[in-house]
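Because the structure is predicted, anything quoted here is derived from the model rather than measured. Numbering starts at 1 and runs along the sequence shown.
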Amino acid sequence: MTVISAVPTLPVGALFSQTRREFASWYSRLWGPLGALATGVSRPRVGERVLDACCGSGASALPAARAVGAAGHVDAVDMAGALLDQGRAEADRQGLAHLRFHRGDVTAWRADAPYDLVQCCYGVFFFPDMDAGTRHLVDLVRPGGRIALSTWVGGGMDSMVRRAREAASAVRPLPAPPTAPDPRTRVDSADGLAAWLRSFGLVDVAVHRVDYRVPLLGDDAWMFLLGAAPRRFVLGMDEQQLGRVRDRLHADMAAAGHSHLDASSLIAVGVRPR
């Protein structure tokens with residue numbers, strides 16, 4: 001699972017591990033609230049078995065573990081070891097012994113028993129094959145169980161990615177974006193996400209839109225760039241180059257009057273037929 005970007009490249013897990021401090025700086029304002037919202041829609045129940053795929057540091061796994069209680073079980077799987085360490089520390093602090101963090105590729109994850117609920121927040125578009133990876137997640141759900149996914153609304157988060165690429169490319173040439181269609185565009189609208197989930201045979205699919213915006217103050221935009229996937233655009237840059245990208249990003253956002261991060265999301269739940 002490799003990010004296609006400027007040379008050098010890093011696997012997704014290593015990329016997010018490398019930026020663990022910047023990622024954590026956004027947890028309370030972005031990842032934590034979005035994870036809680038997603039879990040509010042997926043509604044883990046007392047005693048259920050839950051798989052949290054692409055769990056990061058536990059933004060949705062932690063509230064899921066609180067919901068299922070000690071009678072339940074949550075497996076949280078991700079490739080970013082440093083983020084998993086953060087999640088384990090928080091689970092220990094909250095006394096959630098039934099929440100287990102595992103380092104691994106969730107598209108190859110196997111369990112001893114099927115899950116009542118599989119949830120994946122903002123992760124399916126990182127799969128090498130989005131359809132095959134999601135099919136695997138569906139196969140891990142018991143008949144009558146649920147799968148819940150969250151994705152970004154088109155025109156929101158992708159605007160930040162575009163600004164990051166433009167700022168970085170002004171400092172160092174980047175490879176042209178892939179000519180193949182961006183898989184995120186297939187799931188960035190309510191109709192598209194619902195139709196895609198139904199293509200896996202899921203029924204009773206419901207999609208909820210959450211409009212979520214975070215004010216950008218001071219170095220917020222730069223810290224987000226360093227702590228999220230768009231950081232791939234600045235891999236291998238020296239301090240002088242990084243400073244130029246930072247200045248370019250700030251100037252671009254100021255000129256556009258861009259004062260917030262648009263993290264508007266779609267949260268969908270579907271049921272695997274019995």
Side-chain angles (χ1 to χ4, degrees), residues 1-2 11-13 35 38-39 41-56 58-65 67-68 71-80 83-84 87 98-152 180-188 190-208 265-274:
M1 189 179 298
T2 300
V12 169
T39 309
V41 172
S42 65
R43 294 194 172 188
R45 300 161 189 159
V46 173
E48 285 193 322
R49 284 176 48 82
V50 178
L51 171 63
D52 194 288
C54 306
C55 65
S60 52
L62 289 160
V68 302
H73 178 82
V74 178
D75 286 316
V77 181
D78 201 284
M79 298 177 72
L83 298 188
L84 294 173
H98 55 289
L99 167 56
R100 306 290 176 82
F101 286 89
H102 310 270
R103 185 175 184 179
D105 181 353
V106 75
T107 64
W109 176 256
R110 299 292 177 186
D112 294 335
Y115 293 97
D116 301 293
L117 167 66
V118 171
Q119 57 186 27
C120 182
C121 293
Y122 314 104
V124 294
F125 31 72
F126 287 119
F127 295 165
D129 183 324
M130 194 169 77
D131 287 348
T134 303
R135 165 56 64 190
H136 180 69
L137 296 185
V138 172
D139 289 343
L140 294 172
V141 180
R142 66 167 174 80
R146 307 166 329 273
I147 185 164
L149 304 177
S150 59
T151 66
W152 305 117
D182 187 337
R184 289 173 297 185
T185 62
R186 299 171 58 195
V187 293
D188 67 0
D191 289 344
L193 179 57
W196 183 66
L197 289 178
R198 292 189 186 104
S199 73
F200 298 105
L202 298 175
V203 298
D204 299 330
V205 174
V207 180
H208 306 263
S265 305
L266 299 170
I267 307 170
V269 179
V271 176
R272 184 178 182 183
R274 295 183 183 276

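Q119 contributes a side-chain N or O that, together with a main-chain N or O of S60, makes up a donor-acceptor pair within less than 3.5 Å.
For D188, there are no salt bridge (Lys or Arg N to Asp or Glu O under 4.0 Å) partners, not counting sequence neighbours. Take T151 and apply the side-chain hydrogen bond (donor to acceptor under 3.5 Å, both in side chains) test, not counting sequence neighbours, and it matches no residue. Under the ring pair (Phe, Tyr, Trp, His ring centres under 6.0 Å) criterion, H102 pairs with W109, not counting sequence neighbours. For R142, the salt bridge (Lys or Arg N to Asp or Glu O under 4.0 Å) partners two or more places apart in sequence, or in a different chain, are D116. Applying the side-chain contact (heavy atoms from CB on, under 4.5 Å) test to A53 and every residue at least two apart in sequence or in another chain returns V106, C120, L137. Partners of R43 under the salt bridge (Lys or Arg N to Asp or Glu O under 4.0 Å) rule, at least two apart in sequence or in another chain, do not exist in this structure. Every residue meeting the side-chain contact (heavy atoms from CB on, under 4.5 Å) condition with A67, not counting sequence neighbours, appears here in chain and number order: P44. Checked against side-chain contact (heavy atoms from CB on, under 4.5 Å), D131 has the following partners two or more places apart in sequence or in another chain: D129, R186, W196, F200. By the ring pair (Phe, Tyr, Trp, His ring centres under 6.0 Å) test, F101 pairs with no residue at all, sequence neighbours left out. Remark: V271 engages R146, V203, D204 in a side-chain contact (heavy atoms from CB on, under 4.5 Å) (not counting sequence neighbours). Listed by chain and residue number, nothing satisfies the salt bridge (Lys or Arg N to Asp or Glu O under 4.0 Å) test with R100 (two or more places apart in sequence, or in another chain).
Expressed to the nearest 0.5 Å, how far NE2 of H98 lies from NE2 of H73 amounts to 9.5 Å.
Residue pairs satisfying the side chain to side chain donor-acceptor pair (under 3.5 Å) criterion with at least one member in residues 265-274, sequence neighbours excluded, are listed as follows: Y122-S265.
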